[in-house]
2 protein chains.
Amino acid sequence: MDTKRQRMNSPDRELAIAVRASKAPAISRAAAVLRLLGKSDTPLGVQTIARELGLVPSTCLHVLRALVAEEFVSFDPDTKRYSLEAGVLTLARHWLRRNRFNDLAQPALDRISRTFDLTVLGVHIVGLDHIIVVATSQSSQNFQLSTQIGSRFPALISATGRCIAAFGDQDENDLEGRFKKLRWDEPPTFEEWKAQVRQTREQGFAVDAGNYIAGVTVVAAPVFRARGKLSHALVALGIGSALKRAGLPTLQNALLASAQSLSNQLSGEIDSE
Amino acid sequence: MDTKRQRMNSPDRELAIAVRASKAPAISRAAAVLRLLGKSDTPLGVQTIARELGLVPSTCLHVLRALVAEEFVSFDPDTKRYSLEAGVLTLARHWLRRNRFNDLAQPALDRISRTFDLTVLGVHIVGLDHIIVVATSQSSQNFQLSTQIGSRFPALISATGRCIAAFGDQDENDLEGRFKKLRWDEPPTFEEWKAQVRQTREQGFAVDAGNYIAGVTVVAAPVFRARGKLSHALVALGIGSALKRAGLPTLQNALLASAQSLSNQLSGEIDSE
DNA sequence: GAACGTTATTCGATATATAGAACATCCTCG
DNA sequence: CGAGGATGTTCTATATATCGAATAACGTTC
């Protein structure tokens, strides 16, 4: 029992607890395998995967074979290597089809992106762990700030994080624990951050002025799926200096207006209030 | 034991055998749940899912909870309904990033689509069961023939199917078994089909003249990942009559040329790790 | 070309995921 | 309101998925 944890690397720590907690550990393992294969630039062998995730090779093989059978993983019989298979695309397509936010948000993203020449994102807030980019409108200029649909970030980071803290419903202890784990270029103290969260709650949107990525200003406005149910956010990114020239207040208003309009459309009605 | 199979519907038959065969049945169940949620237009409850897939409710609940924990499924605590979560997007993004075919094929698809005013697809051949659309270029005219990235079709159907039969390596018995299960608008007999497969092998591309979808002609040319290893196909769809006007032979040549060029680029690989 | 360190894979014992029933909770309808 | 029939959820015995060692098939190095 001691020799086993000789070199526990981070992904497999989390996996270990997920496996222990769940009543369907095979699924956690499968998810871990899929994510590992996703990250890897090259196809991987059984041993490599097992070692990386802290799995027993034979178990790992079972998992891989099941994933191959389900067409989520491809297997090259010559090299005996595994990689992601196109089956994952099919799921993604279904998800995209069914989510009104994407279609509704795209025009707004495009308009703001064009007007201010910024990269603008629509992000989906999943659980309280992560956000996922679900729609983008890239500015022609800022290629360096490009992000892809499907990218995943920690929930509490940057401007979006302040929105989640401000408008989501979680207790402060949990919040502080998560906050401690974040990686910023210029980390704010927890006190500073709480103040910014408070301000976010008052003004209705959040700003990250170079904390997450040095030199980059991020503005985020919350979108609610139903009364008070935070589900998405609109996020604009730009080089700090350029953003000031473009007129930060104007951008904030535009983002906020679009976000509120989306909230109305998502919660179903043309409703008043 | 009798009462159980009162109303076995098709998806759960397959699931049952997959579960029995695999050494990681939880993963097959998870995949079935994901696909079911993908197909469904509305979020589903535990019982509904369990019934539809022939699962025990408690087991189904475990699977769902695991999938929620992995952020592949979202759970609405108010309605207690489950649906696909954006996590599936992340996997898809990784797959897309890593597949050179998509980037290489897109220009060719666009060119052919523009020249002949047709919908042109790049499809990936996964296993011998399915093909998945991985790149599209829609014609402006034929909106009715639109297909989305991620769409899944039986491997042996239509023109692509004849390519797979012609250039893949499978035995005839297996082939006939699979052929019998296909659904066509105007089904060819197995003999007719075999003749067409032979012709496909000779001329290097396949044509489906209204068999799969009445009135629609489909042309497909194979793309090889390595010497003789069939992996993708380029597929052009058009209303039969319009296609004749546009010049079927010219289209066939263009498709074949692009497919061969892609094969070279994919297998060419000047570099060897 | 033999010996070695890899790797993938099989196989049997046991910890445990699953099935099925019991429980709890919500709605619907008389 | 209160009975009925859904639903989601917990609980536990047992069939079985997982582990770990043993085997087989590599590729490398000396």
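Order of the sequence lines fixes the chain letters, A, B, ..., with proteins taken first and strands second; residue numbering starts at 1 for each chain.
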Check whether any side-chain nitrogen or oxygen of [X] sits under 4.0 Å from OP1 or OP2 of [N], and answer yes or no.
{"X": "B:R51", "N": "D:dT7", "answer": "yes"}
{"X": "A:K80", "N": "D:dA25", "answer": "no"}
{"X": "A:R29", "N": "D:dA17", "answer": "no"}
{"X": "B:R65", "N": "D:dT10", "answer": "yes"}

Separation of [X] atom [atom1] from [N] atom [atom2], in whole Å?
{"X": "B:L53", "N": "C:dT18", "atom1": "CG", "atom2": "P", "value": "15 Å"}
{"X": "B:I27", "N": "C:dT18", "atom1": "CD1", "atom2": "C1'", "value": "15 Å"}
{"X": "B:L55", "N": "D:dT7", "atom1": "CG", "atom2": "P", "value": "15 Å"}
{"X": "B:D76", "N": "D:dT7", "atom1": "CG", "atom2": "C1'", "value": "15 Å"}
{"X": "A:H62", "N": "C:dA8", "atom1": "NE2", "atom2": "C1'", "value": "12 Å"}
{"X": "A:L61", "N": "D:dC19", "atom1": "CG", "atom2": "P", "value": "13 Å"}
{"X": "B:K23", "N": "C:dT14", "atom1": "NZ", "atom2": "P", "value": "17 Å"}

When you compare the side chains of B:S22 and A:R65, does any donor N or O come within less than 3.5 Å of an acceptor on the partner?
no

Using side chain to side chain contact (heavy atoms under 4.5 Å, CB included) as the criterion, point out the one residue from B:I132, B:L96, B:L91 that pairs with A:V88.
B:L91

Picking from [options], which would you name as closest to the side chain of [X]?
{"X": "B:P57", "options": "C:dT18, D:dT7, D:dT9", "answer": "D:dT9"}
{"X": "B:Y82", "options": "D:dT18, D:dT9, C:dT9", "answer": "D:dT9"}
{"X": "B:V56", "options": "C:dG20, C:dT18, C:dA8", "answer": "C:dG20"}

Roughly how far apart are A:H94 NE2 and B:L37 CG, rounded to 0.5 Å?
11.0 Å

Rounded to the nearest 0.5 angstrom, the OG-CZ distance for B:S40 and B:R35 is 15.5 Å

Given A:E172 and A:K194, is the salt bridge (charged side-chain N to carboxylate O under 4.0 Å, His left out) satisfied, shown in steps?
CA-CA 10 Å; A:E172 188 143 326; A:K194 277 202 298 186; 2.9 Å; yes

Could you pick out which residue, A:C60 or B:Q47, lies toward the 5' side of DNA chain D when each is mapped onto its nearest nucleotide?
B:Q47

